[in-house]
Chemist: 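Got a structure here, written out as structure tokens. Questions coming.
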Amino acid sequence: MPELPEVEVVRHGLRRWLTGGTIGAVTVLHPRSVRRHLPGPADFADRLVGRNVTEVCRRGKYLWMPLDSGDALLAHLGMSGQLLLQPPGHEPERHLRVRLGLDVPPDAAERELRFVDQRTFGHLLVDRLVPDDAGVGLPAVIAHIARDPLDPAFDDDAFALALRRRRTGVKRALLDQSLISGVGNIYADEALWRSRTHWARPTERISAPETARLLEAVRAVMREALAEGGTSFDSLYVNVNGESGYFERGLNAYGRRDLPCGRCGTPIRREVFMNRSSFSCPKCQPVPPAARF
DNA sequence: CCCCTGTCCTGAGCGC
DNA sequence: TGCGCTCAGGACAGGG
């Protein structure tokens, strides 16, 4: 379940291989993986073949590679997506969806970029680059995605104000990628545990200092995960070299139903919210008055 | 405009 | 053994 730290690990791994490389043959093996490329798979391939990759960028959970054409190849890993660099003759993976030939700089070994995705919640598309609010290019289809909390240009004060204007629970707000990006179910639960916040705490009642503590908690859990090389549970997430990125021992709340809270020993509870699991400590994170469920 | 729910997908695990 | 059910959840369309 790749969230910001896992995607950043992938970005970092891809950067060295892709920058300066030229895209060769493109094969779409499963149309669903390019469903958000509205002109269709043939156009997807046409706009990639022969193009030079100039960079590998990320915002939140989105990854994109600007091309010398003014387009970018955009990727979202969804639940189970992987971007693997394999030798061209390597045996096809079970859930291989898209393959992109790659002519890498002359001193590097030949590689093929492969999009592997069991559950097909992830996707690839090609889109034009448009300037963002700082004049740097990002794909037009993700112009609505907020900056992420590790972005130096993330505006903490603006986030605090936007949070207080919302009429919802704090976890729903953390998962809203148009408010703050890169946070998924795992890091939301971890950050809420760390800041001793209940997931249903009404956003309009969250003070500026409390927002600051919450952001600090989000950043701390993400930095810890990055330091470990990315968090994930199942072998569905594999980093760019094909190694599984595990981080279970660093988790304090997520997936720890009935296990003791690391601070107070109270068994961690599991609740269903937004059709997904929320894990929290009943004692450290008590249900707030006027909770928004 | 804002908020929230339903939907997409595959495979593991489990009860009968 | 095999069948059917549940669970995992990111992003967005569309309804209220």
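Values in this document were obtained by computation on a predicted structure and should not be read as measured data. A note on names: the letters A, B, ... follow the listed sequences, proteins ahead of strands, and every chain is numbered from 1.
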Chemist: A:E271 CD to C:dC7 C1': how many Å, rounded?
Modeler: 17 Å
Chemist: At a cut-off of 3.5 Å, list every protein nitrogen or oxygen paired with a nitrogen or oxygen from nucleotides 13-15 of chain B, distance to 0.1 Å.
Modeler:
none

Chemist: If you take all heavy atoms of A:G137 and A:W64, which pair is closest and at what distance?
Modeler: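 Closest heavy-atom pair between A:G137 and A:W64: O-CZ2, 3.7 Å.
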Chemist: Looking at every non-hydrogen atom in both residues, tell me the closest pair between A:D189 and A:F279 and how far apart they are.
Modeler: OD2-N, 2.7 Å
Chemist: side-chain hydrogen bond (donor to acceptor under 3.5 Å, both in side chains) for A:T168 and A:R292? Distances and angles first, verdict last.
Modeler: CA-CA 6 Å; A:T168 188; A:R292 288 185 177 274; over 6 Å; no
Chemist: Going from CZ on A:R256 to CZ on A:R270, what distance comes out if it is rounded to the nearest 0.5 angstrom?
Modeler: 15.5 Å
Chemist: Thinking salt bridges, do A:D148 and A:K61 make one under a 4.0 Å N-O criterion?
Modeler: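 Here A:D148 does not pair with A:K61 in a salt bridge, since their nearest N and O are not under 4.0 Å apart.
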Chemist: Using only side-chain N and O atoms of A:H95, determine if any of them is under 4.0 Å from OP1 or OP2 of B:dC9.
Modeler: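 Negative; the distance criterion is not met.
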Chemist: How does protein reach along nucleotides 10-16 of chain C, written 5' to 3' as B (base within reach of a heavy atom under 4.0 Å), S (only sugar-phosphate), or - (no contact)?
Modeler: BSS----
Chemist: Nearest whole Å is fine: how far is B:dT10 P from A:L77 CG?
Modeler: 18 Å
Chemist: Just how far is it from atom NZ of A:K283 to atom CZ of A:R196, taken to the nearest 0.5 Å?
Modeler: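 Between atom NZ of A:K283 and atom CZ of A:R196 there are 10.5 Å.
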Chemist: So, is A:R270 near the phosphate of C:dC7, with a side-chain N or O under 4.0 Å from OP1 or OP2?
Modeler: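 A:R270 to C:dC7 OP1/OP2: no side-chain N or O under 4.0 Å.
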Chemist: Are any of the side-chain nitrogens in A:E210 or A:R201 under 4.0 Å away from the carboxylate oxygens of its partner?
Modeler: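 Judged by the 4.0 Å cut-off on N to carboxylate O distance, A:E210 and A:R201 do form a salt bridge.
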Chemist: Can a side chain N or O of A:S277 be found less than 4.0 Å away from OP1 or OP2 on C:dA8?
Modeler: yes
Chemist: Between A:V126 and A:H37, what is the shortest heavy-atom contact and its length?
Modeler: N-ND1, 3.1 Å
Chemist: What does the list of N/O pairs under 3.5 Å between the protein and nucleotides 1-5 of chain B look like, with a distance for each?
Modeler:
residue	atom	partner	partner atom	Å
B:dC3	OP1	A:R167	N	2.6
B:dC3	OP2	A:R166	NE	3.3
B:dC4	OP2	A:T168	OG1	2.6
B:dC4	OP2	A:R172	NE	3.3
B:dT5	OP2	A:R172	NH2	3.3

Chemist: A:S278 and side chain to side chain donor-acceptor pair (under 3.5 Å): which partner among A:K171, A:E271, A:H198?
Modeler: A:K171
Chemist: Let me know the distance between CZ of A:R119 and C1' of B:dC9, rounded to the nearest Å.
Modeler: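 Spelled out: CZ on A:R119 to C1' on B:dC9 is 9 Å.
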Chemist: Any salt bridge between A:E204 and A:R166, counting N to O under 4.0 Å?
Modeler: no
Chemist: Between A:D258 and A:R269, is there a salt bridge with N-O shorter than 4.0 Å?
Modeler: no
